[in-house]
Amino acid sequence: MKRPSEPDAPAMPSLLVFAIAVLLFGSPLRRLWLAEGAPGYLPFIVWLGVIALGGWAAHRKGGHDA
């Protein structure tokens, strides 16, 4: 049996994914995966990770409660 959650609780995983994406793509951390000697496919792996986290957040949120 699921315990009742707060009304804002379903949005939290999505906000976490958004914060991680902003950190990766909008901060100096991007120098790590855009470095001169880094493999060319590394940005795609970073994007794939963000997309996978977004899918996890959508799956965790559940379906639409209409």
Side-chain angles (χ1 to χ4, degrees):
M1 182 173 176
K2 285 186 174 180
R3 64 183 168 124
S5 61
E6 299 176 16
D8 295 341
M12 290 310 243
S14 298
L15 290 175
L16 177 65
V17 171
F18 178 73
I20 290 171
V22 167
L23 182 69
L24 284 174
F25 298 116
S27 73
L29 277 178
R30 67 181 164 203
R31 291 182 188 165
L32 294 174
W33 52 272
L34 289 176
E36 179 102 14
Y41 57 83
L42 195 55
F44 296 106
I45 290 177
V46 173
W47 270 110
L48 182 64
V50 170
I51 291 168
L53 281 174
W56 168 79
H59 177 70
R60 180 182 165 125
K61 183 178 179 182
H64 297 287
D65 293 332

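Residues take their numbers from the sequence shown, with the count starting at 1.
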- [ ] Report yes or no: do V46 and V17 belong to one cluster of Ile/Leu/Val/Met/Phe/Trp/Tyr joined by side chain heavy-atom distances under 4.5 Å?
- [x] yes
TODO: Determine whether F25 and L53 fall in the same hydrophobic cluster, where Ile, Leu, Val, Met, Phe, Trp and Tyr are linked whenever their side-chain heavy atoms lie under 4.5 Å apart.
DONE: yes
Open item on the list: Which heavy atom of S14 sits nearest to which heavy atom of A57, and what is that distance?
Closed with: N-CB, 3.9 Å
TODO: Verify the cluster assignment for L23 and L16: are they in a single hydrophobic cluster under the rule of side-chain heavy atoms below 4.5 Å apart?
DONE: no
TODO: Treating Ile, Leu, Val, Met, Phe, Trp and Tyr as nodes and any side-chain heavy-atom pair under 4.5 angstrom as an edge, say whether L34 and L48 lie in one connected cluster.
DONE: no
- [ ] Establish whether L32 and L24 are linked, either directly or via other cluster members, by ILVMFWY side-chain heavy-atom contacts under 4.5 Å.
- [x] no
